[in-house]
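Below you'll find the structure, written out as structure tokens, and then a few comments.
We're numbering straight along the sequence, starting at 1.
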Amino acid sequence: MGCCGSSEQKQREWKPLEDRSCTDIPWLIIFTLFCIGMACIAGFSISTGAASRLISGYDSYGNTCGQKNGKIEGVELSGRDQTNNKYVFFLDPCNIDILNRKIKSMALCVSRCPDIELKTYTDVKKFALQNGSELCSYDIPVSKYPSHGERSKKCPKLPVPPSNSLPVFHRCTPVDISCYAQFAEAFVTFVSDNSMLHRVIAGVMASKEIIMGLCVLALVLSIILMVVIRYISVVLVWILTALVVLGSIGGTGVLWWLYVDHRTNLTDQTGTSPTPQQQVATDNVQALLVYAIFATVFTVILLLLLFFMRKRVALTITLFHVAGKVFTHLPLLALQPFWTFLSLMLFWVSWLGVLLFLGTAGSPVQSEEAGLVEYRISGPLQYMVWYHAVGLIWISQFILACQQMTVAGAVVTYYFTRNKSELPMTPIVSSMLCLTRYHLGTVAKGSFIITLVEIPRLILTYIHNQLKGKENACARCMLKSCICCLWCLKKCLMYLNQNAYTATAINSTSFCTSARDAFVILVENVLRVATINTVGDFVLFLGKVLIVSCTAFVGVLSLNYQRDYTVWVLPLLIVCLFSWLVAHCFLSVFEIVVDVLFLCFAVDTKHNDGSPGREFYMDKALMEFVENSKNMAGRDQPEADGDGREMKPMTHAGGTFA
């Protein structure tokens with residue numbers, strides 16, 4: 001189980017796709033037991049009546065609506081038969097506690113929600129007599145609604161708005177939700193009057209078809225970009241390089257020009273007596289000199305790096321080209337974000353449902369302020385919520401890791417299969433089956449490591465938010481530093497995990513052995529890794545910006561023909577946000593493919609040299625890159641590669657694979 005007890009040789013030979021065996025079985029057992037614990041928590045919350053209380057609702061005296069109830073000690077109006085009263089009615093539904101995210105109002109079980117506006121207590125009395133739905137507290141007779149001394153506390157706030165019950169959760173909700181909109185307005189900074197929010201909401205409702213169409217457009221553009229990026233990556237990379245070079249040289253030139261100009265003006269004033277303005281000018285000249293020297297040093301270093309790393313930039317372009325080719329041969333890769341998103345949504349919905357069940361589980365507790373009954377978990381059962389929270393992080397990371405392992409397995413199979421006609425009909429499905437059969441333990445272990453880092457980071461973030469404005473500057477700086485360090489550690493571990501999954505897909509080794517082997521390969525190619533992660537990430541960022549820009553442009557043109565409203569801000573924000581998320585999901589898969597290809601390429605070039613019996617597996621484009629690199633190295637060292645061996649790429653039944 002541990003990472004330090006591996007008995008495999010350090011100089012182990014890589015044998016891609018030859019031996020396949022189960023990995024990290026103890027961690028699969030641990031993860032299975034953990035999931036059983038999550039299921040037990042869900043079963044507990046349902047068996048204790050929390051599910052019925054959540055769905056049917058309960059009143060302020062602890063009675064669950066729609067069923068008979070037992071007596072609660074110390075609560076006079078508990079233990080009532082509410083079989084005919086199936087709906088929860090709030091006396092003041094607009095009294096919302098934003099901080100605690102709940103309605104601060106007495107709740108009653110009623111047989112029918114008021115479907116008309118009731119302006120007086122006499123109207124409330126008539127409604128109760130006609131429909132048998134009592135809207136005041138159970139201890140107030142219907143005949144005394146208009147005259148009872150406590151009607152302001154135990155009867156609904158006037159006027160009572162018309163309401164309907166929710167489809168599943170039997171709560172009476174006002175038809176006009178303007179009382180909720182006033183709380184939303186507090187979070188919308190650009191709202192200057194009450195009509196603004198209503199116009200924005202009306203705009204969204206009137207443009208819902210356009211918004212859905214633009215979201216589909218963003219989806220299509222993302223899929224197209226993953227295929228065609230192999231053709232435009234060269235242009236994007238060299239445009240980026242040119243902009244960086246011109247920007248650094250231009251910025252340095254401007255700083256030196258400003259320094260000379262300020263120094264000339266200062267020299268012209270040397271004969272006069274010194275003044276405060278001259279002292280400020282002297283300080284500015286010195287500051288400009290420092291900035292100009294720093295910019296010059298930075299520009300020189302940058303130009304040298306670009307010169308010496310130009311070959312590695314060419315490798316990044318080649319990998320992007322091959323990655324685009326992979327998507328044309330493995331089109332089901334484009335569907336991976338769908339399955340991952342669907343799996344995450346199903347898990348998050350079920351997780352949230354169990355959390356809500358836990359929120360209504362436990363024992364009834366009567367509050368001291370208003371005397372209302374709430375259900376709270378006390379004692380050791382409180383730790384179930386923490387267990388449930390850890391499950392959210394671990395299982396979410398597990399699902400994301402399954403996507404990485406599936407993509408890695410498919411790309412590894414594609415790369416290391418010499419005869420492409422022997423590829424499985426659906427490499428993605430084969431990779432999923434291989435993951436399920438052999439490597440779930442490895443994925444569980446890798447996701448658990450991320451969870452160990454994510455938990456303290458979230459705790460520190462929560463503490464920082466709770467203490468905002470209360471802690472001193474030193475404590476605030478320390479908290480932010482810790483959060484930042486944990487975030488950086490998480491990103492590094494996620495990158496190492498992804499390469500460990502690739503190594504597992506290649507050699508079917510355990511997580512720790514794969515992580516060690518992948519780490520060694522990455523260290524040996526550290527400059528290439530840095531180039532791919534910087535240039536490649538920026539190219540993908542430009543791709544995301546391109547998708548968002550195109551979607552927003554089409555959105556502006558489409559909304560220009562829609563005359564039902566005048567506010568475009570929220571519809572465009574929704575479209576841009578969704579298009580960014582879609583582009584991020586799809587291009588993240590593209591990024592995984594590029595990283596997997598690079599590790600396969602590094603392993604291939606390390607253990608093969610193109611000679612008979614040690615032919616390369618790589619694609620023709622990567623082969624050309626290797627040949628060009630060796631030719632350049634041969635010109636520098638003409639006798640270093642003089643054995644005359646010819647490099648041979650992978651082949652298929654009809655010849656060299658292009």
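Between Glu134 and Val110, every side-chain heavy-atom pair lies at or beyond the 4.5 Å cut-off. At a threshold of 4.5 Å between non-hydrogen side-chain atoms, the residues Cys65 and Asn85 do not count as touching.
For Thr340 and Gln403, the side-chain atoms include at least one donor-acceptor pair closer than 3.5 Å. Side chains of Thr83 and Asp81: a donor on one and an acceptor on the other come within 3.5 Å. Trp580 and Thr551 share no donor-acceptor pair across their side chains, judged by distance under 3.5 Å alone.
You'll find the ring centres of Trp27 and Phe511 outside the 6.0 Å limit. The six-membered or imidazole ring of Tyr61 lies near that of Tyr138, with a centre-to-centre distance under 6.0 Å. Ring pair Phe586/Phe338: centre-to-centre distance below 6.0 Å. Taking the six-membered ring where the residue is Trp, the centroids of Tyr387 and Phe34 are separated by under 6.0 Å.
The CG atom of Leu486 sits 11.0 Å away from the OG atom of Ser481 when rounded to the nearest 0.5 Å. Leu458 contributes atom CG, which lies 9.5 Å from atom CD1 of Ile483 (distance to the nearest 0.5 angstrom). In this structure, Ser78 OG and Tyr58 OH are separated by 14.0 Å, a value rounded to the nearest 0.5 Å. Separating the CZ atom in Phe90 from the OG1 atom in Thr173 is a distance of 8.0 Å, to the nearest 0.5 Å.
Closest of all the heavy-atom pairs between Thr436 and Leu440 is O-CD1, 3.6 Å. In this structure, Leu493 and Ile449 approach most closely via the heavy-atom pair CD1-CG2, 4.0 Å. Nearest heavy-atom pair across Leu158 and Leu118 is CD2-O, 3.8 Å. Listed here is the closest heavy atom pair of Leu333 and Val589: O-CG1, 4.0 Å. Nearest heavy atom pair, residue Cys35 against residue Ile395, reads SG-CD1, 4.4 Å. For the pair Gln82 and Thr64, the tightest heavy-atom approach, listed with the atom from each and the gap, is CB-O, 3.8 Å.
When Met106, Lys153, Lys157 are each tested for a side-chain contact (heavy atoms from CB on, under 4.5 Å) with Leu91, only one passes: Met106.
Panel note: side chain Lys71, backbone Glu76; a donor-acceptor pair is recorded below 3.5 Å. The closest donor-acceptor contact from the side chain of Trp351 to the backbone of Gly391 lies at 3.5 Å or more, if one exists at all. At distances below 3.5 Å, not a single donor-acceptor pair connects side-chain atoms of Asp115 with backbone N or O atoms of Cys113. Counting only distance, with no hydrogens or angles, the side chain of Thr23 and the backbone of Ser510 share no donor-acceptor pair below 3.5 Å.
Under the 4.0 Å criterion applied to side-chain N and carboxylate O atoms, Arg80 and Asp59 are not assigned as salt-bridge partners.
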